[in-house]
Amino acid sequence: MTRADVRLPPDLAAPQRERVLRLVAECGLAVRRHDPHVPGLLPVKRCHGCQQTGGRMGGHHLPDETVVWIHKSCHRKLHRAGRT
Ligand SMILES: [Zn+2]
Ligand SMILES: [Zn+2]
């Protein structure tokens with residue numbers, strides 16, 4: 001995604017505009033908002049394996065292409081169990 005793809009309010013002052021663009025560049029807002037493959041955009045961060053909400057998690061793809069949060073260890077367990 002390039003800077004040109006970021007839509008900002010037309011009446012935004014130049015200094016603010018510059019700051020927003022820089023923020024976008026820094027925190028990688030380059031991901032598309034509706035991309036279901038980006039786990040960070042899922043509303044609730046709950047582990048698909050143990051249903052806990054805390055801890056560091058990564059994404060796991062379900063057969064229907066959606067991505068769910070899952071702990072690294074739960075993810076391993078899940079795949080070892082042969083389920084997807
Ligand atoms: Zn878990
Ligand atoms: Zn997985």
Side-chain angles (χ1 to χ4, degrees):
M1 189 183 233
T2 62
R3 284 182 160 213
D5 294 323
V6 182
R7 235 178 294 161
L8 298 173
D11 57 341
L12 198 66
Q16 267 94 49
R17 184 177 292 268
E18 189 53 43
R19 200 171 338 157
V20 171
L21 288 174
R22 200 164 40 229
L23 263 174
V24 167
E26 275 171 18
C27 60
L29 270 184
V31 287
R32 275 166 293 139
R33 218 163 244 291
H34 305 293
D35 193 337
H37 292 88
V38 182
L41 297 176
L42 292 173
V44 183
K45 195 171 172 179
R46 181 184 294 272
C47 178
H48 178 72
C50 65
Q51 305 301 315
Q52 304 286 318
T53 49
R56 291 175 66 118
M57 299 179 213
H60 165 68
H61 286 75
L62 294 178
D64 68 353
E65 291 286 288
T66 49
V67 177
V68 292
W69 283 108
I70 192 163
H71 292 118
K72 285 254 153 66
S73 56
C74 295
H75 200 185
R76 262 199 305 273
K77 242 181 277 174
L78 192 75
H79 280 283
R80 213 172 327 152
R83 290 172 286 149
T84 47

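Put simply, the side chain of H48 does not reach to within 4.5 Å of the side chain of M57, judged on heavy atoms.
The distance from the CZ atom of R56 to the NZ atom of K45 is 8.5 Å, given to the nearest 0.5 Å.
A distance-only check finds a donor-acceptor pair linking the side chain of H71 to the backbone of G54 [under 3.5 Å]. Between the side chain of R46 and the backbone N or O of Q51 there is at least one donor-acceptor pair closer than 3.5 Å.
The nearest pair of heavy atoms linking G49 to C74 is CA-CB, 4.3 Å.
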